[in-house]
**Q** 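I have a structure I would like to understand better, so I am pasting it below and will then ask my questions one at a time.
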Amino acid sequence: MRVIRLWPAGFTGRVTLVLLGAILVQFLAAAYLLGIGERHLQQADLARRIAEQLVVAERVIGAAPPADRARLVSDLSTAHLYFSLEEEKPPLSGTSHPMVTDVRAEIIRWEPALAAYEMQFAVRTARQVGFVRNLEGALHLPGGPWIYFRTQQPLLGWAVIVSTMIWVGLTAAAVLLFAAVMVQTLGAPLRKLASHADQIGTGPPVHFAENGPKELRRVALALNEMQARIAALIDERTTALAAVGHDLRTPLARLRLRLSAVADTNARAAAERDVREMEDMLSALLEFLNGGEEWGERVKTDLASLLQVIVEEAQDLGGNAEYLGPAKLVANVYFDDLRRALVNLVDNAVKYGGAAHVDAWVEDRFLIIRVDDYGPGIDSEILGAVKQPFYRADQARGGDTHGFGLGLSIAEQVARRHDGELVLANRPEGGLSASLKLPRSGSQPSA
């Protein structure tokens with residue numbers, strides 16, 4: 001069978017990670033650029049205010065009498081800038097900070113006349129909180145004192161970028177949340193389509209409403225047409241099987257009648273055994289090929305009673321069989337199919353294992369029916385293969401086996417129809433253990 005991978009394995013996860021990574025990088029880059037821009041705007045605004053107030057201070061202080069200068073400097077201080085008058089050059093640290101050069105250049109650009117004065121700038125860092133910084137500086141009046149100034153509000157610096165990134169990150173989270181909700185909303189029809197597509201072949205036909213976007217309508221139409229083609233093929237096969245069954249049983253019936261006229265008793269008995277075996281093989285083949293065609297409803301069944309009846313039937317035919325399970329075990333099952341599977345398992349245990357010990361119980365979310373025997377078991381290398389149609393483990397189960405080897409295949413088919421599985425295992429004390437593990441579906445055990 002040719003497998004075409006329209007979407008490589010794991011590709012969805014990789015695409016999602018790449019997209020989320022790309023979005024995250026984009027938002028972080030945008031936050032960084034916005035922060036840098038905000039920082040430059042802050043520096044330009046700060047330089048403009050300092051330049052304007054320095055020019056005013058220089059003119060006012062320079063023209064005022066020495067006795068009035070201290071009072072005037074105090075009056076010049078604002079909420080943004082503090083001024084004081086110093087007779088000596090103020091000791092400044094942090095003059096090598098990268099921001100100093102940018103602010104000095106901006107101040108001179110705003111007020112070119114200040115280039116003629118001796119000026120110093122520095123970035124002052126608060127000792128208590130390392131990331132709080134203020135800009136300070138001094139301007140020397142020719143032949144006079146120094147005008148010291150310091151920004152009253154801290155310079156944010158990288159804090160601007162960090163705060164911008166935080167806000168942009170919150171915005172990105174909101175966008176991603178909205179995008180996730182939108183993807184979930186848009187993907188709901190596809191998930192519903194996939195969920196119902198999984199039911200194809202496991203129950204009654206599923207009809208997909210051909211509405212919605214063009215692509216979904218085309219998919220729904222294709223699935224409906226596919227089911228119609230499958231149903232047509234199954235109908236053709238059913239008709240052919242019915243014809244084959246009729247055509248084969250008719251000559252077998254005639255052969256059985258003719259055998260009654262054979263005088264040799266031994267030869268007649270051997271021929272009759274062969275005819276019976278051919279009829280059994282034909283019945284098993286038709287039973288397997290017809291399996292799952294009729295999708296009836298699950299019925300509420302007391303499995304304990306069903307197992308007891310099957311065990312008693314095996315005993316009536318001379319087989320060594322016993323039931324060890326609870327007196328009552330109710331579950332919703334496909335009755336005819338499950339009975340067919342259980343009969344096959346019990347018959348196999350009696351025929352090839354010498355005895356059938358049947359038990360049943362509820363464990364967690366599963367209903368388990370186990371049939372143990374005391375035969376030679378099956379080679380562990382072929383435990384999985386014996387459930388395949390037409391596979392016969394003659395050497396492991398004895399060389400006198402008859403039929404097509406469909407008993408375990410039918411049981412496996414029934415288990416899958418119940419959304420369960422058939423588990424085969426060799427028992428440590430000898431023999432084979434065959435367990436039907438089915439979902440509980442409302443199983444209710446009692447003593």
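Numbers here simply count residues along the sequence, with the first being 1.
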**Q** Any heavy-atom pair between the side chains of Thr78 and Gln53 that's under 4.5 Å?
**A**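 In short, these two side chains touch, coming nearer than 4.5 Å.
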**Q** Could you check whether any side-chain N or O of Arg427 sits under 3.5 Å from a backbone N or O of Asp373, counting only pairs where one atom can act as donor and the other as acceptor?
**A**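 Yes; at least one donor-acceptor contact below 3.5 Å.
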**Q** Salt bridge check: are Arg109 and Glu106 linked by an N-O gap of less than 4.0 Å?
**A**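 Yes.
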**Q** More than 12 foreign heavy atoms under 6.0 Å from CD of Glu429: is that the case here?
**A**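 Yes.
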**Q** Without swapping roles, check the side chain of Arg69 against the backbone of Ile61 for a donor-acceptor pair under 3.5 Å.
**A**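 Confirmed, Arg69 side chain pairs with Ile61 backbone.
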**Q** Tell me whether the rings of Tyr82 and Tyr148 are parallel (<30°), tilted (30 to 60°) or perpendicular (>60°).
**A**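 The arrangement is perpendicular - the two ring planes meet at more than 60°.
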**Q** For residues Gln308 and Tyr323, report the shortest heavy-atom separation together with the two atoms involved.
**A**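 Gln308 and Tyr323 have their closest heavy atoms at CG-CD2, 3.5 Å.
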**Q** Salt bridge between Arg339 and Glu313, side-chain N to carboxylate O under 4.0 Å?
**A**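 A salt bridge links Arg339 with Glu313.
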**Q** Mind checking whether Val73 and Ile147 have side chains closer than 4.5 Å, heavy atoms only?
**A**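 Contact flag for Val73/Ile147 side chains = no.
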**Q** Any donor-acceptor pair under 3.5 Å linking the side chain of Thr301 with the backbone of Val333?
**A**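 Such a contact is absent between Thr301 side chain and Val333 backbone.
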**Q** Treating Asp359 as the side-chain partner and Arg370 as the backbone partner, does any N or O pair qualify as donor plus acceptor under 3.5 Å?
**A**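 No; zero donor-acceptor contacts below 3.5 Å.
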**Q** Test your reading of the model: is there a side-chain donor-acceptor pair from Asp302 to the backbone of Ala304, 3.5 Å cut-off?
**A**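 Answer holds: yes.
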**Q** Ala411 and Leu422: which non-hydrogen atoms are nearest, and at how many Å?
**A**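 Scanning both residues completely, I find the closest heavy atoms to be CB-CD2, 3.9 Å.
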**Q** Tell me whether Asn426 contacts the main-chain N or O of Ile378 through its side chain, where contact means a donor paired with an acceptor under 3.5 Å.
**A**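 Pair found, side chain donor or acceptor close to backbone of Ile378.
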**Q** Would you find a donor on one side and an acceptor on the other, under 3.5 Å apart, between the side chain of Arg104 and the backbone of Met119?
**A**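 A pair under 3.5 Å: yes.
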**Q** Backbone N or O of Asp372 within a donor-acceptor pair of the Ser433 side chain at under 3.5 Å?
**A**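 Pair absent, no side-chain N/O of Ser433 close to backbone of Asp372.
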**Q** Could Arg340 and Tyr334 be counted as a cation-pi pair, given that NZ or CZ must be under 6.0 Å from the ring centre and within 45° of the axis?
**A**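 Output no; distance or angle outside limits.
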